[in-house]
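To start, the structure under review is shown below, and the notes come after it.
All values below were derived from every heavy atom in this structure, side-chain atoms included, with hydrogens, water molecules and symmetry-related copies excluded.
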Amino acid sequence: TAIHGPADLERAMRAGTYTLLIYEDRDWTRMVGGAAMERAVKAALAEGRLRELAAFEERLSTSRLLDESYETTVRVLALQ
């Protein structure tokens, strides 16, 4: 499903019966579709379609074999 805005995000979540979105708060513009998804999440929060339940700093692993990871902010967002 293509996500072009907050309504698309809400529709896709409801269609998949998802109530939570675990979102890494970072710059997604380098990823395919990342800019649109980033805008959709921010707009959904601003419009009240999503509500933040929690935000925390987490170390995410990119390679367990090479012991590579990075610190980032993870947000738990609830569909309203």
Side-chain angles (χ1 to χ4, degrees):
T1 300
I3 305 296
H4 298 288
D8 292 334
L9 177 58
E10 180 180 1
R11 192 171 18 264
M13 287 182 71
R14 291 195 189 285
T17 66
Y18 300 109
T19 58
L20 297 175
L21 175 64
I22 300 173
Y23 181 73
E24 182 184 0
D25 196 3
R26 61 174 277 187
D27 178 4
W28 288 100
T29 57
R30 294 184 340 203
M31 311 299 179
V32 174
M37 185 63 171
E38 191 175 336
R39 284 191 306 272
V41 170
K42 287 180 181 178
L45 283 163
E47 292 177 10
R49 294 173 190 263
L50 291 174
R51 173 175 61 97
E52 184 173 287
L53 297 180
F56 48 92
E57 295 301 311
E58 188 61 50
R59 179 165 289 285
L60 297 182
S61 176
T62 54
S63 172
R64 290 183 188 202
L65 181 65
L66 299 175
D67 194 29
E68 295 176 345
S69 61
Y70 62 97
E71 288 286 328
T72 190
T73 302
V74 176
R75 300 170 78 186
V76 180
L77 309 174
L79 187 60
Q80 294 300 285

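In this structure, CG on L20 lies 14.0 Å from CZ on R75, to the nearest 0.5 angstrom. Separating the OG1 atom in T72 from the OH atom in Y23 is a distance of 10.0 Å, to the nearest 0.5 Å. If you take CG on L77 and OG1 on T19, they are separated by 11.5 Å, rounding to the nearest 0.5 Å.
With sequence neighbours excluded, the residues that form a side chain to side chain contact (heavy atoms under 4.5 Å, CB included) with M37 are I3, L9, V41. Applying the side-chain hydrogen bond (donor to acceptor under 3.5 Å, both in side chains) test to E68 and every residue at least two apart in sequence or in another chain returns nothing. With sequence neighbours excluded, the residues forming a side-chain hydrogen bond (donor to acceptor under 3.5 Å, both in side chains) with D8 are R11, listed by chain and number. Partners of E71 according to the salt bridge (Lys or Arg N to Asp or Glu O under 4.0 Å) rule, which considers only residues two or more places apart in sequence or in another chain, are R59. Residues satisfying the salt bridge (Lys or Arg N to Asp or Glu O under 4.0 Å) criterion with R39, sequence neighbours excluded, are absent altogether. Partners of R51 by salt bridge (Lys or Arg N to Asp or Glu O under 4.0 Å), not counting sequence neighbours: none found. With sequence neighbours left out, E24 forms a salt bridge (Lys or Arg N to Asp or Glu O under 4.0 Å) with R26. Listed by chain and residue number, T29, E38 satisfy the side chain to side chain contact (heavy atoms under 4.5 Å, CB included) test with D27 (two or more places apart in sequence, or in another chain).
Within a 6.0 Å radius of CG in L66, more than 12 heavy atoms belonging to other residues, nucleotides or ligands are found.
M13 and W28 fall within a single hydrophobic cluster, where Ile, Leu, Val, Met, Phe, Trp and Tyr side chains are chained together by heavy-atom contacts under 4.5 Å. No continuous path of hydrophobic side-chain contacts links L50 to L53 [ILVMFWY only; heavy atoms under 4.5 Å].
Heavy-atom minimum distance, S61 versus S69: CA-CB, 3.8 Å. Taking both residues in full, the closest heavy atoms of A7 and R49 are given as CA-NH1, 3.6 Å, listed atom of the first, atom of the second, then distance.
Taking 4.5 Å as the limit, every side-chain heavy atom of L79 sits out of range of all side-chain heavy atoms of Y18.
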